[in-house]
Asker: 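Following this message is one structure expressed as structure tokens.
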Number of protein chains: 2
Amino acid sequence: MSKVGRVVNRLAERAARAVRCCTPPAPSRLGPEAAACCAHLFRALADETRLQILGLLAAAREALCVCDIEANFALSQPTISHHLKVLREAGLVRAERRGLWVYYSLDRQGLAAVVEFGSALD
Amino acid sequence: MSKVGRVVNRLAERAARAVRCCTPPAPSRLGPEAAACCAHLFRALADETRLQILGLLAAAREALCVCDIEANFALSQPTISHHLKVLREAGLVRAERRGLWVYYSLDRQGLAAVVEFGSALD
DNA sequence: CACCTGTATAGACGAACGTCAATATACTTC
DNA sequence: GAAGTATATTGACGTTCGTCTATACAGGTG
């Protein structure tokens, strides 16, 4: 059976089961689209190296060039570049070119989103 | 060459490069052990389904049994059980057995950790 | 212009993850 | 204790992720 078919079957089966076991359904506080957006953000934070990069940028309190960041890890340059890209696309850091170097700094907006999420569910 | 060998080589090479390009090294605000711990937490949040489960529990403002949670998703029972386990082990939800059912509720401590992280880097 | 240096991208590979069907476990009821 | 229901665990499979090497691109310098 197709995947869609299986899903439909499962939902129909649930609808048929008239008696709910305990509490009535409550509308989630996090819609599917909001959840997808937050998941993208948290996926960027779900790696030890990326968290340490954020820690470095926070401690520096100023922009750092890639080679400075790279110097703190026993990882190849492309790997660091990859992590920076993930952080950038999640809105957690910003990049700025200065001549030959690219400087990265924290993007407070992304961090604010993290705090917001935690507070919203509380 | 072994992985360790490669890493050692890379570090030695960096030490040899006497001239740093721009800023002096700053101690990270997030040690390796703290980063690993936070990464574990965020990995649990890095999935759309798990975020929606948290949203459900937050909206309910009371414990929900697994079948109630399950009813909100087109996913198999073992899959939901798996997600609940991940959330449990991250300290984001708590489980409590009541007769035949297991009730899940938010664990504010885990959520507080998320907020703390966001604030700490700011 | 040719060359060098810093950063990004492409492609490959193994590990980890989300999902499922099948099965086991925990508890209740007859 | 046998049967039924709610939840957890196991093992398999395809996908995503982190890492690497090799290479491309961008911006300086002779």
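Proteins come first, then strands; the chains are lettered A, B, ... in the order of their sequence lines, and each starts at number 1.
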Asker: Which residues in residues 34-45 of chain A have a heavy atom closer than 4.0 Å to any atom of DNA chain D?
Answerer: Arg43(A)
Asker: To the nearest angstrom, how far is Tyr103(A) atom OH from dT7(C) atom C1'?
Answerer: 13 Å
Asker: Heavy atoms from C-beta onward define the side chain here; which of dA26(C), dT19(D), dT7(D) lies closest to that of Leu100(B)?
Answerer: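 Of all the options, the side chain of Leu100(B) is nearest to dA26(C).
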Asker: His83(B) NE2 to dT7(D) P: how many Å, rounded?
Answerer: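 Between P of dT7(D) and NE2 of His83(B): 16 Å.
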Asker: Using the salt bridge (Lys or Arg N to Asp or Glu O under 4.0 Å) criterion, which residues pair with Arg98(A)? Sequence neighbours excluded.
Answerer: Glu96(A)
Asker: Does Arg98(A) have a side-chain nitrogen or oxygen under 4.0 Å from the phosphate oxygens OP1 or OP2 of dG6(C)?
Answerer: no
Asker: What distance separates Leu41(B) CG from Leu45(A) CG, expressed to the nearest 0.5 Å?
Answerer: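 CG of Leu45(A) is found 9.5 Å from CG of Leu41(B).
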Asker: Starting from C1' on dT16(D), measure out to CD on Glu48(B) and report it in whole angstrom.
Answerer: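 Rounding to the nearest Å, CD of Glu48(B) and C1' of dT16(D) are 15 Å apart.
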Asker: Can you give me every donor-acceptor pair (side chain of residues 50-59 of chain B, partner residue at least two apart or in another chain, under 3.5 Å) with its distance?
Answerer:
unit_1, atom_1, unit_2, atom_2, d
Arg50(B), NE, Ala44(B), O, 2.7
Arg50(B), NH1, His83(B), ND1, 3.0
Arg50(B), NH2, Arg43(B), O, 3.2

Asker: Checking Thr79(A) now: which residues fulfil side chain to side chain donor-acceptor pair (under 3.5 Å) with it, not counting sequence neighbours?
Answerer: Ser76(A)
Asker: Round to a whole Å and report the spacing from CG of Leu75(A) to P of dC17(D).
Answerer: 18 Å
Asker: Asp47(A): which residues meet the salt bridge (Lys or Arg N to Asp or Glu O under 4.0 Å) condition with it, sequence neighbours left out?
Answerer: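 For Asp47(A) there are no salt bridge (Lys or Arg N to Asp or Glu O under 4.0 Å) partners, ignoring immediate neighbours.
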Asker: Determine, stepwise, if the pair Leu92(A) / Val86(A) fulfils side chain to side chain contact (heavy atoms under 4.5 Å, CB included).
Answerer: CA-CA 9 Å; Leu92(A) 287 162; Val86(A) 172; over 6 Å; no
Asker: From CD of Glu70(B) over to P of dT7(D), roughly how many Å is that when rounded to an integer?
Answerer: 8 Å
Asker: Could you tell me the separation between the CZ atom of Phe73(A) and the P atom of dC20(D), rounded to a whole number of Å?
Answerer: 13 Å
Asker: Could you state the atom-to-atom distance from CD of Gln52(B) to P of dG18(C) in whole Å?
Answerer: 14 Å
Asker: Please set out all donor-acceptor pairs under 3.5 angstrom arising from side-chain atoms of residues 114-122 of chain B, sequence neighbours excluded.
Answerer:
unit_1, atom_1, unit_2, atom_2, d
Ser119(B), OG, Val115(B), O, 2.9
Asp122(B), OD1, Arg108(A), NH1, 3.2

Asker: Rounded to whole angstroms, how far apart are CZ on Arg50(A) and P on dT19(D)?
Answerer: 8 Å
Asker: Which pairs, protein N/O on one side and nucleotides 8-13 of chain D N/O on the other, fall under 3.5 Å?
Answerer:
unit_1, atom_1, unit_2, atom_2, d
dA8(D), OP1, Tyr104(B), OH, 2.7
dA8(D), OP2, Ser81(B), OG, 3.0
dA8(D), N7, Gln77(B), NE2, 2.8
dA8(D), N6, Gln77(B), OE1, 3.1

Asker: Taking side chain as C-beta onward, heavy atoms only, is His82(B) less than 4.5 Å from Pro78(B)?
Answerer: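 In short, these two side chains do not touch, never coming nearer than 4.5 Å.
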Asker: Please identify each residue that fulfils salt bridge (Lys or Arg N to Asp or Glu O under 4.0 Å) with Arg88(B), with sequence neighbours left out.
Answerer: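 Here no residue qualifies.
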